[in-house]
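All residue numbers refer to positions in the sequence shown, counting from 1.
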Amino acid sequence: MRRVIRTDVPDAGAYPLLNSLVVPRPIAWISTLSADGVGNLAPHSFFSVACANPPIVSWTSVGHKDTLANVLATGEFVVNLASLPDLDRVNATSASFDPQVDEASELGIEMEPSDHVAPPRVVSSPASLECRLHSTIELGDSVLVLGDVVAVTVDAEAMDGDHPEFTRLQPVSRLGSNEWGLPPEVRAVDRPR
């Protein structure tokens with residue numbers, strides 16, 4: 001027997017259900033700067049590719065958080081790949097910090113200048129996407145953010161020829177509740193022609 005939970009009624013509890021069923025979710029570990037130049041670093045697990053040509057990524061701010069405020073004020077952000085060696089640091093940046101506190105400085109996370117946008121990149125992240133704001137869409141209590149990818153940086157050690165190699169990137173993901181997905185076993189399956 002299946003349990004049916006209606007999500008079209010107020011306070012039906014859709015958020016924890018979606019978080020536990022739409023899995024694994026890649027993490028956009030987003031670095032931004034406020035209009036006053038204060039750094040912000042926070043993970044967002046509602047993250048995906050929205051368009052390949054031109055390259056556009058999407059992420060959702062559930063509620064109006066500091067990351068969203070900074071992107072709206074400056075029009076720029078960097079998506080840093082959340083990898084296994086950084087799991088504890090990624091999780092630590094999910095805490096509620098005051099908007100005037102730079103999470104990276106507070107937690108000792110080393111940052112470096114980006115090439116084409118003002119927000120810095122996470123040094124230990126094996127890859128980053130430098131983005132400029134394309135547009136936003138208000139959706140209930142959330143805001144969908146679309147960003148034009150203006151530069152991609154990948155560590156040479158993570159590359160296999162012209163492509164980033166999954167086992168070298170070691171991406172982590174979010175699952176339900178307090179669960180994290182570790183890099184899974186990879187199986188190559190060619191598409192049918």
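The CZ atom of R25 sits 12.5 Å away from the OG atom of S48 when rounded to the nearest 0.5 Å. Taking CG of L169 as the reference point, atom OG of S83 lies at 8.5 Å (rounded to 0.5 Å). Of the inter-residue distances, the one linking I109 atom CD1 with S124 atom OG reads 7.5 Å to the nearest 0.5 angstrom. The distance from atom CG of D148 to atom NE2 of H134, rounded to the nearest 0.5 Å, is 5.5 Å. Considering OG of S173 and CG of L182, their distance stands at 8.0 Å, rounded to 0.5 Å. Separating the CG atom in N91 from the CG atom in L107 is a distance of 10.5 Å, to the nearest 0.5 Å.
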Report the C-alpha separation of T32 and N70 in whole Å, then their side-chain angles, then the decisive distance to 0.1 Å, and conclude whether the side chain to side chain donor-acceptor pair (under 3.5 Å) test is met. CA-CA 6 Å; T32 59; N70 291 350; 2.9 Å; yes
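Side-chain contact check for S61 and H44: no donor-acceptor pair (N or O, by modelled atom type) lies under 3.5 Å. For the 3.5 Å distance criterion, the side chains of S31 and N80 qualify, holding a donor opposite an acceptor.
Note on V78 and V150: same hydrophobic cluster, where clusters join Ile, Leu, Val, Met, Phe, Trp and Tyr whose side-chain heavy atoms are under 4.5 Å apart, directly or indirectly.
In this structure a side-chain-to-backbone donor-acceptor pair under 3.5 Å is present from S114 to P119. Judged by distance alone, with hydrogens and angles left aside, the side-chain atoms of S20 form no donor-acceptor pair with the main-chain N or O of L17 at under 3.5 Å. Under a 3.5 Å cut-off, the side chain of S34 and the backbone N or O of V38 do form a donor-acceptor pair. The backbone N or O of A127 sits less than 3.5 Å from a side-chain atom of S125, completing a donor-acceptor pair.
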Sequence neighbours excluded and cut-off under 3.5 Å, please list the side-chain donor-acceptor pairs for residues 98-105, or say none.
| unit_1 | atom_1 | unit_2 | atom_2 | d |
| --- | --- | --- | --- | --- |
| D98 | OD2 | Q100 | N | 2.9 |
| D102 | OD1 | A104 | N | 2.9 |
| D102 | OD1 | S105 | N | 3.2 |
| E103 | OE1 | N40 | ND2 | 3.3 |
| E103 | OE1 | L41 | N | 3.2 |
| E103 | OE2 | N40 | ND2 | 3.1 |

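Through direct or relayed side-chain contacts under 4.5 Å between Ile, Leu, Val, Met, Phe, Trp and Tyr, L68 connects to I30, F47, V57, W59, V71, L72, F77, V79, L129, L133, V143, V145, V149, V152, V154, M159. Through direct or relayed side-chain contacts under 4.5 Å between Ile, Leu, Val, Met, Phe, Trp and Tyr, V186 connects to F166.
Judged as a side chain to side chain contact (heavy atoms under 4.5 Å, CB included), and not counting sequence neighbours, the contacts of Q170 are L84, P85, P183. Remark: W29 pairs with no residue by the ring-ring contact (aromatic ring centres under 6.0 Å, His included) rule, at least two apart or across chains.
Closest non-hydrogen pair, L33 versus A118, comes out as CD1-O, 3.6 Å. For A82 against V90, the heavy-atom pair with the smallest separation is CB-CG2, 3.9 Å. Taking each heavy atom of P43 and I27 in turn, the nearest pair found is CB-CG2, 3.7 Å. Minimum heavy-atom separation, E130 to H116: OE1-N, 2.6 Å.
In this structure, the side chains of F46 and L144 stay at 4.5 Å or more apart for every pair of heavy atoms. Taking the side chain as every heavy atom from C-beta outward, P54 and I56 approach each other to under 4.5 Å.
The salt bridge (Lys or Arg N to Asp or Glu O under 4.0 Å) pairs that include a residue from residues 174-187 number zero, where partners must be two or more places apart or lie in different chains.
A salt bridge links D115 with R121: the distance from a Lys NZ or Arg NE/NH1/NH2 to an Asp or Glu carboxylate oxygen falls below 4.0 Å.
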